[in-house]
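Structure first, then comments.
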Number of protein chains: 2
Amino acid sequence: MATTTAGQRREQAKRDYDAFLAGCPTRELLSTLTDKWVALLIPALAGGPQRHSELARRIAGVSQKMLTQTLRTMERDGLLTRTVTTSVPARVDYQLTPLGHDLFPVMVAIKTWAETHMDRVFQARTQFDTRT
Amino acid sequence: MATTTAGQRREQAKRDYDAFLAGCPTRELLSTLTDKWVALLIPALAGGPQRHSELARRIAGVSQKMLTQTLRTMERDGLLTRTVTTSVPARVDYQLTPLGHDLFPVMVAIKTWAETHMDRVFQARTQFDTRT
DNA sequence: CAGCATCCTCGGAGATACTG
DNA sequence: CAGTATCTCCGAGGATGCTG
């Protein structure tokens, strides 16, 4: 029988992995998670499946290359699924997995934090730049 | 008299700023927040003031240049304060501001998420890489 | 100890053009 | 429409050496 609960396995993971350590694989995962486009894509996809072109329009300024590249990385890491509908023209839908959706609160928190505290940061910058 | 509450001002900010827009200044702030070293520095500083060398040791693998550079940006954005104690040798302490501390829950959430779900991501990668 | 200046390199990321 | 391939370039970021 299984003698470990999900909670215990999570505890185990937190003991084994430490992003403060240089060699830890979480360091590299952290690099993926702390990506501007990931922080925008997760909230953008939270409402449901989106097509490539829809995402490109929603997330203004992202190049086609970066969008495809970021989506591919996220798919590989199990954050979203890519569904191809063969037709002319082709149609591809991206949808968050439960794992990806689990990341939603965190990502939306960063995005919202930036939008909410932008003014305060501007104040701080002005003060910093005009210090004697 | 002031007719707007802090809550209303926050609402105002959320209406004015939208990180989905390319020209929005929050896009650039988001770039700063979604930085690997920021995600590690905030949790590292949460316990109290830390010296430059202490941080360098705690956050393994960070170069001296990147550490100074990241700390400077965070100082400019009002996330932390830099206190110099003139002595020989010099001593510099970094401490989170209330604004920076406000970011702590978010940053620690990302770091913890990575540490907690590393195994699941590994599984997803293996499955992705061995797909036919 | 903290941090600036300099040099150098590697790859992140845009632009463009082409395919299914 | 979605994606790949190629070329190019700029700058992030490491290494080293010097200063207060």
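Since the structure is predicted, the reported quantities are computational estimates derived from the model, not experimental observations. Residue numbering restarts at 1 for every chain, and letters A, B, ... go by the order of the sequence lines. Note: hydrogens, waters and symmetry copies are ignored here, and every other heavy atom, side chains too, is used.
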| remark: To the nearest angstrom, the CG-P distance between B:Leu71 and C:dG3 comes to 8 Å
| field | Side-chain (B:Ser63) to main-chain (B:Met66) donor-acceptor, under 3.5 angstrom | value | yes
| request: Whole angstrom is fine here: how far is it from CZ in A:Arg91 over to P in D:dC1? | output: 12 Å
| remark: In whole angstroms, the gap separating P of D:dT16 from CD of B:Gln64 amounts to 13 Å
| Rounded distance (Å) that lies between atom C1' of C:dC1 and atom CD of B:Gln50 | 15 Å
Nucleotides 10-13 of chain D: which of its N/O atoms have a protein N/O under 3.5 Å away?
| unit_1 | atom_1 | unit_2 | atom_2 | d |
| --- | --- | --- | --- | --- |
| D:dG13 | N7 | B:Lys65 | NZ | 2.8 |

| query | Between B:Glu54 and B:Arg58, is the closest basic N to carboxylate O distance under 4.0 Å? | reply | no
| Interatomic distance where CG belongs to B:Asp93 and P belongs to C:dG3 [whole Å] | 10 Å
| So, are A:Asp129 and B:Arg76 salt-bridged, with charged N and O less than 4.0 Å apart? | yes
| So what is the end-to-end bend of the helix from C:dC1-D:dG20 to C:dG20-D:dC1, with 5 pairs used at each end and the value given to 10 degrees? | 50°
| task | Return yes if some donor-acceptor pair links the side-chain N/O of B:Arg82 with the main-chain N/O of B:Tyr94 below 3.5 Å, else return no. | result | no
| Between B:Ser53 and C:dA2, is there a side-chain N or O to OP1/OP2 distance below 4.0 Å? | yes
| said: The test is side chain to side chain donor-acceptor pair (under 3.5 Å); show your working for A:His52 and A:Asp93 and say whether it passes. | reply: CA-CA 7 Å; A:His52 182 102; A:Asp93 287 278; over 6 Å; no
| query | Roughly how many Å is it from CD in A:Glu54 to P in D:dA2, rounded to a whole number? | reply | 8 Å
| query | A:Leu103 versus A:Leu99: any side-chain heavy-atom pair under 4.5 Å? | reply | no
| request: Counting heavy atoms from C-beta on, name the nucleotide in C:dG3, C:dG20, C:dC1 closest to the side chain of A:Ala90. | output: C:dG20
| request: Determine, for B:Phe128 and B:Arg125, whether the Lys NZ or Arg CZ falls below 6.0 Å from the six-membered ring centre while staying within 45 degrees of the axis. | output: no
| query | Does D:dC1 have OP1 or OP2 sitting under 4.0 Å from an N or O in the side chain of A:Tyr94? | reply | no
| task | Take the protein atom CZ of B:Arg51 and the nucleotide atom C1' of C:dA2, then report the distance between them rounded to whole Å. | result | 9 Å
| task | For the pair B:Phe104 and B:His101, name the ring-plane relationship: parallel under 30°, tilted 30 to 60°, perpendicular over 60°. | result | parallel
| query | Same hydrophobic cluster for B:Tyr17 and B:Leu21, using side-chain heavy-atom links shorter than 4.5 Å among ILVMFWY? | reply | no
| query | Contacts to DNA chain D from residues 73-87 of chain B, heavy-atom cutoff under 4.0 Å, which residues? | reply | none
| field | Steps toward side chain to side chain donor-acceptor pair (under 3.5 Å) verdict (B:Thr73, B:Gln69) | value | CA-CA 6 Å; B:Thr73 303; B:Gln69 186 175 307; over 6 Å; no
| query | Has A:Lys111 got its NZ or CZ under 6.0 Å from the middle of the six-membered ring of B:Phe20, at an angle within 45 degrees of the ring axis? | reply | yes
